[in-house]
Amino acid sequence: MGTGRLTIDLDALAANWRSLDAKTATNVQTAAVIKADGYGLGADRVARTLAAAGARRFFVAVAEEGAKVREALGPGPEISVFGGHMAGDAQMIADLGLIPMLNSVDQLTRHFEALPNHPFGIQLDSGMNRLGMEPAEWAAVRDIALAAQPRLIMSHLACSDEPGHDMNPQQLQAFIEMTAETGVPLSLAATGGILLGPDYHFDLTRPGIGLYGARPFEDAQLVVYLDIPVIQVRDLVAGETVGYGNSWTADGRRRIATVAGGYADGITRHLSNTGVFFHGDVPCPIVGRVSMDLIGVDITHLEDTPEALTLLGPHQTVDDIADTTGTIGYEILTELGHRYARSYHRGQS
Ligand SMILES: *Cc1c(COP(=O)(O)O)cnc(C)c1O
């Protein structure tokens, strides 16, 4: 096989949903956020697995993503759209039974005009200044909105991955004030918010990243494995270089494997001369620049010649790669390439 192999452990995914669900009281519902194609892992498989595990409510970023999830799940489960009701979406929202989280007076007006009896939710801005109605805007339409019985009122935390951050209690307070005496189910917490404790749970939580096995859910089970095949191996002597720009020079006899993956597969160039692959438990450094489709790896210290090397697995998670390259696990996950042969497993691969 010429392409990398991405293995997704669906049992681990389901187990992560159950563990996050278990962190909240029994009267708190646990939804699942599967935007960006299930954080890059395949929204259809992710949705079906989590529905089988017990999830009844799903969130996506935009209506188009909701269409794919509806196709995977069929009628029944609730699919809500963080981006709300955008111009041109009415037909899709109606036909597929999507629930837009209305983010502004404009969206509220659009929704009430186009689909007067269709369910909706409200997203409030409690301080992040990204999506949702601001307090004054909300005050202006609150009575009209509540009369139409929203399914949910939600907001989102900016700093929930930092438990000690002042922004968390500030946003909590703002959310409580804006939602007092609405009588509508409330939601504030994503993965980070669940871990902040019961004050943040309200009626519904919306975990995303924790399901996929990454921080801030430190106790998560590993979901993603990525192995890249070795195409060719060569022996270098001192002074020879590897890859574009001659950025790495052998300081002695070296055995270099060329693996079949690169930045076009989401393996960022920032790993050039700094990242590692693994052969079993043994780290093997990336040498030279990461190319579009190829990477040089130093395997001098290995006794055998591996058929493939592991980029993501028990010794290196998306968070480890993110730490090496100055980003977050979310970005590593959602950049995973489209060329990989994907296999979905039940139980550890
Ligand atoms: C992405 C997102 C989530 C899920 O966040 P995680 O940190 O991945 O758990 C929840 N709510 C909103 C509004 C989001 O945009």
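Every number for a ligand or one of its atoms is a count from 1 in the order of the listing.
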So is Pro207 touching ligand 1 or not, going by heavy atoms under 4.0 Å? yes

Does ligand 1 come near enough to Val33 that some N or O of the ligand is less than 3.5 Å from an N or O of the residue? no

Under a 4.5 Å cut-off applied to non-hydrogen side-chain atoms, are Ile79 and Val60 in contact? yes

Would a line drawn from the ring center of Phe120 to the ring center of Phe112 be shorter than 6.0 Å? yes

Protein heavy-atom partner closest to atom 5 (O) of ligand 1 - residue, atom, separation in Å: Ala190 CB, 3.3 Å

Quick one: closest heavy-atom pair of Gly97 and Arg70, and the distance? O-NH2, 3.1 Å

Could you tell me how the ring of His118 sits relative to the ring of His111: parallel (under 30°), tilted (30 to 60°) or perpendicular (over 60°)? perpendicular

Would you mind telling me if ligand 1 is within reach of the side chain of His156, the backbone, both or neither, using heavy atoms under 4.0 Å? side chain

Please indicate whether Met92 has more than 12 foreign heavy atoms, meaning atoms of other residues, nucleotides or ligands, lying under 6.0 Å from its CE. yes

If the cut-off is 4.0 Å to any non-hydrogen atom of Arg130, which atoms of ligand 1 fall inside it? 15 (O)

Of all the heavy atoms in Phe59, does at least one lie under 4.0 Å from an atom in ligand 1? no

When you look at CZ of Arg151, are more than 12 heavy atoms from neighbouring residues, nucleotides or ligands closer to it than 6.0 Å? no

Using a strict 4.0 Å cut-off to heavy atoms of Met154, name the atoms of ligand 1 that fall inside it. 13 (C)

Mark yes when over 12 heavy atoms from residues, nucleotides or ligands other than Glu64 sit less than 6.0 Å from its CD; otherwise mark no. yes

Any N/O of Gly210 closer than 3.5 Å to an N/O of ligand 1? no

Using heavy-atom distances only, which candidate in Met101, Lys35, Arg215 approaches atom 1 (C) of ligand 1 most closely? Lys35

Would you say that Leu204 contacts Leu186 through its side chain, given a criterion of any heavy-atom pair below 4.5 Å between the two side chains? no

Determine the minimum heavy-atom distance between Gly210 and Ala220, stating which atoms define it. O-CB, 3.9 Å

Gln123 N/O to ligand 1 N/O under 3.5 Å: no

What protein heavy atom sits nearest atom 7 (O) of ligand 1, and how far away is it? Tyr330 OH, 2.6 Å

In terms of atom number and element, which parts of ligand 1 are under 4.0 angstrom from non-hydrogen atoms of Tyr39? 1 (C), 4 (C), 5 (O), 6 (P), 8 (O)

Closest to atom 9 (O) of ligand 1 among Leu157, Leu131, Thr191 (heavy-atom distance): Thr191

